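Comments concern the structure below.
As the structure is a computational prediction, the values presented were derived from the model and not from experiment. A note on names: the letters A, B, ... follow the listed sequences, proteins ahead of strands, and every chain is numbered from 1. Computed from heavy atoms alone, side chains included, the values below leave out hydrogens, waters and symmetry copies.
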Amino acid sequence: MGVTRRQRALLVQGALYAVLAAAVVALALVADWPVIKENFWNSGGISWADGNWGDLITIGIVNTVKYTAIAFAGGLALGLVLALMRLSPVAPYRWLATAYIEFFRGLPALVVMIFMSTGLPIAFGWTPPGGTVGAGLIGLVMVAGAYMAETLRAGIQAVPKGQTEAARSLGMRPGATTVKVVLPQAFRIVIPPLTNEFVLLIKDTALLFLLGAAASERELTSVAKDFLTSGPSAGTATSLIQAALLYLAITLPLTQLVAWLERRQRKAVR
Amino acid sequence: MTASAIEVRGLHKHYGHHEVLKGIDFHVGAGQVVCVIGPSGSGKSTLLRCVNRLEEPSAGEILIEGVDICDRRTDLDEVRSRIGMVFQQFNLFPHLSVLRNLTLAQRSVRRRSREEAVEVARRNLAKVGLSEKESAYPAHLSGGQQQRVAIARALSMNPDMMLFDEPTSALDPELVGDVLAVMKELAQEGMTMMVVTHEMGFAREVGDKLVFMDDGVVVEEGRPAEVLSNPRHERTQSFLSKVL
């Protein structure tokens, strides 16, 4: 027959579009849109005046950002210490750091968080500072530190050896060389992966919900969960959809930022 | 005979079973310019890097102005601060401006005030002809400019001697001349210099002594003009016939 390869490709493509269009039309006709809207985007819940937004933003998002910042700063400090220990000339430091990192990277963050908030009080009658949320954050820091240690170690090792040699040949001590020459360059290298780590932490703070918190200490997921059974949109999933949008409002720009930073770094000339 | 700036005795260096330096005796007098040549893999860069212990010697003695730098009681960092080093790959600090590249070690090692460090830095930048580049970052300089900044960085520590590890090997040919001119000027001012190089013209013109190394040993040494024109050893002859 006279069907060329090009014509056949066009036919296949047209068929694929036709299937898609049929599916969309069927969905639009079959779905009960008013019911879907009332259950997922309830008019009471999304009202600006007396809906869910107030608590979701002033309590939920504010606490989520606060907890993420604390966990990130703590994890970064711990990770830096662990990374330097891993690269230490003193072998026991290396063993300790390696053991710590492998141990905490191999556990679910939630296990560590429950251990800190519930396990420790049961076992020793001792509660970490900051109540349940504080204990959970310490657990999050312990796990985040292990991940960031590996990121920072990779960054430090990516700084060319000649940089250390140049500093040492000028008579700079090992400590000054690390602080003034190696780390500033290492941090620049790890900004994209650390930003990724920040995004992961934003999402991990949702685990705090499982530990429970006072009303004013709730992070975004906890606030949204409470609105499932109370408030103007109780009995619908509206508050979860709202929380999802709020999470995305933070995480999407950050992941875009990472992509941009990585593109820029690839182009940068040494 | 001038006082010894660098004195190397019976130096051995091996990596595992691979022996790179097989018993080197080597001497640089104060104020001398000694050029080290030889095929790649001959151990000349390793020798130079042993002199400030960037490479750890396996055996032997290295005396800097009479002080054994392998002695545990020697403050190695203090000795290094008096030995300027210039690398093949420049190794400027890319996160710092040219001026900060020159002041960092002055401040951190010499404990100079900011004003004094900046003044010394500017003087040395002027010396290498790059005064107008003080606020530039290394990535924005040509290779030749980067190497001249690296020389100025080493000079800012007021070193007693300078080590050059193939300083022009990573440069485009048209940029080599500027760097060699700076080095020549330094030599004329009386700086003690040890230069690992492939620049035979520089060795002949500026060097007080030429050392030819091959396969981990010093094969021949002498006045540059003599070694280059009338090499006594067959290995020297064969190397020179390939590069000249």
So, the side chain of N91(B) versus the backbone of G162(A): is there a donor-acceptor pair under 3.5 Å, distance only?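 Here the side-chain-to-backbone pair exists.
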
With chain A as the partner, which of [options] has the greatest number of non-hydrogen pairs under 4.5 Å?
options: V86(B), D75(B), L76(B), L96(B); answer: D75(B)
options: G84(B), P159(B), S108(B); answer: S108(B)
options: N52(B), L54(B), L163(B); answer: L54(B)

Does [X] have more than 12 heavy atoms from other residues, nucleotides or ligands lying within 6.0 Å of its [atom1]?
X: R82(B); atom1: CZ; answer: yes
X: Y100(A); atom1: OH; answer: yes
X: Y15(B); atom1: OH; answer: yes

Could you measure the distance from the NZ atom of K180(A) to the CZ atom of R107(B)? Nearest 0.5 Å is fine.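 The NZ atom of K180(A) sits 8.0 Å away from the CZ atom of R107(B).
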
From R168(A) CZ over to M85(B) CE, what is the distance, rounded to the nearest 0.5 angstrom? 13.5 Å

Start with the C-alpha gap between L170(A) and L104(B), add the side-chain angles, then the distance that decides, and say whether side-chain contact (heavy atoms from CB on, under 4.5 Å) holds. CA-CA 10 Å; L170(A) 288 161; L104(B) 179 66; over 6 Å; no

Looking only at heavy atoms and a cut-off of under 4.5 Å, which of S169(A), A176(A), A167(A) has the most pairs with chain B? S169(A)

For R153(B), is it the side chain, the backbone, both, or neither that has a heavy atom closer than 4.5 Å to a heavy atom of chain A? both

Under 4.5 Å from any heavy atom of chain A - which part of F87(B): side chain

Any non-hydrogen side-chain atom of V109(B) less than 4.5 Å from a side-chain atom of R173(A)?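 Sidechains of R173(A) and V109(B): no contact.
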
